[in-house]
Amino acid sequence: MKLYVDFSNLEAAVSKMGSSRVEFVIKQNYVPRDPIDIQLGDGFEVDFADIQFETGLASYEGRQVLLYIKDHHYGNKYEQAIENGKSGNRYHVADCSKLEEMRKKGRLERYVVTNKLDGIFKISRGANEYREAQEGETKLQICQFCLDAINYQGFKNISRGPKRQSFVATFDLTDFFDTYSSFFKFMPSGIADNQTESYSDDWQQVSNKVKEKYLYVCQQCGVDLKSNKRLLQTHHKNGVKADNTDLNLTALCADCHRKQPLHTHMFVPHKDTQLINHLRQEQGLNSKENWRDIYQLADPGIFGVIDMLESYQLPMPEVGLEIVNALHEVVSELELAWPIKKVGVAVDKESRAKS
Ligand SMILES: [Zn+2]
Ligand SMILES: [Zn+2]
Ligand SMILES: [Zn+2]
């Protein structure tokens, strides 16, 4: 909606008071919310065929989701699951071997898709001749096959048994969704809500000064963002947002910033990560001596893949390689690539197809 308002009287009054116009930026914390985002917060049932696994992760209408079977009718499963979520159905986040097995058996029941991040889910049991229909809530657990499929936080290397169980017990859905957030167009509302932070009132000015002081260069990876200033951010080293002393402030590119400790819930669109990588490459900054450097350069969403490559002792890949056509136009971007071998890893089908 556009508003047409005549501000000439206001401006006249302002100039009478001896003030002049200043430019200002309204900090946007508003995240567009469609009805579907609100519905996904509660969860609703869909046909399995409508859930996409384009990136290997479950998504619905461009939103990252998890899925589970709400109905727990088998034996005492419902009571047991209400009592302890460990006994309930697992929820899935990726295209795992369990889902593949169900697909093969043709046993594709209706799944609830949701992006609720607290791990507490509605489960139910239909009525029969002895009892009424029931519905309750419980804390379900994540499917271990899913964690295996995407090697989340190096899950493949964790030995079976108590170690895996404790990983699953402390698994945090917000961290999980955050890791892959740049692969999806829309942020789950749970993460979007956390974006407002307690900055001081003059933050915008303070922040601009810091960026100027460092000449728009990221103080970690060294990428020069003079031509892409919006990708440079000011970071509080000690984590205290109100502490704007010189020593506590530094300038970081969006990618280095989100990889700082306790900065997990920062949303950096995948396109921005790719652009930063492109600039690093142009500026000769993506040299890497060991696998740690690869993690520094790559999108957190592919850390699981990198971990696997490392354990297979493959040669170190290029990060963010652009595929150029005969007209020297960039047609696609590979996350990781071994140009000599003409092998690469892309995030979505679109990039894969074009490569
Ligand atoms: Zn699964
Ligand atoms: Zn950086
Ligand atoms: Zn920061």
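Whatever order the structure lists ligands and atoms in, that order sets their numbers, starting from 1. Residues take their numbers from the sequence shown, with the count starting at 1. No experiment lies behind these values; they were computed from the predicted model shown.
- By the side chain to side chain contact (heavy atoms under 4.5 Å, CB included) test, Arg110 is found to be paired with Glu45, Asp47, residues two or more places apart in sequence or in another chain being considered.
- For Glu282 and His278, the side-chain atoms include at least one donor-acceptor pair closer than 3.5 Å.
- Under the 6.0 Å distance and 45° angle rule, Arg292 counts as a cation-pi partner of Tyr295.
- Annotation: protein N, O or S atoms under 2.8 Å of the Zn ion (ligand 2) (waters excluded) comprise Cys218 SG, Cys221 SG, Cys253 SG, Cys256 SG.
- Within His235, the N, O or S atom lying nearest to the Zn ion (ligand 3) carries the name ND1.
- Under 3.5 Å, the side chains of Glu61 and Gln52 contain no donor-acceptor pair of N or O atoms.
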- Task: Output, in order, the C-alpha distance, side-chain angles, deciding distance and verdict of side-chain contact (heavy atoms from CB on, under 4.5 Å) for Asn89 and His72.
- Result: CA-CA 8 Å; Asn89 294 333; His72 286 60; 3.2 Å; yes
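- If you check the side chains of His236 and Asp243, you find no donor sitting under 3.5 Å from an acceptor.
- Between the SG atom of Cys146 and the SG atom of Cys143, the angle taken at the Zn ion (ligand 1) works out to 110° after rounding to 10°.
- In this structure, the side chain of Asp224 does not engage the main chain of Gln283 through any donor-acceptor pair within 3.5 Å.
- Closest approach between the Zn ion (ligand 1) and any N/O/S atom of His92 involves ND1.
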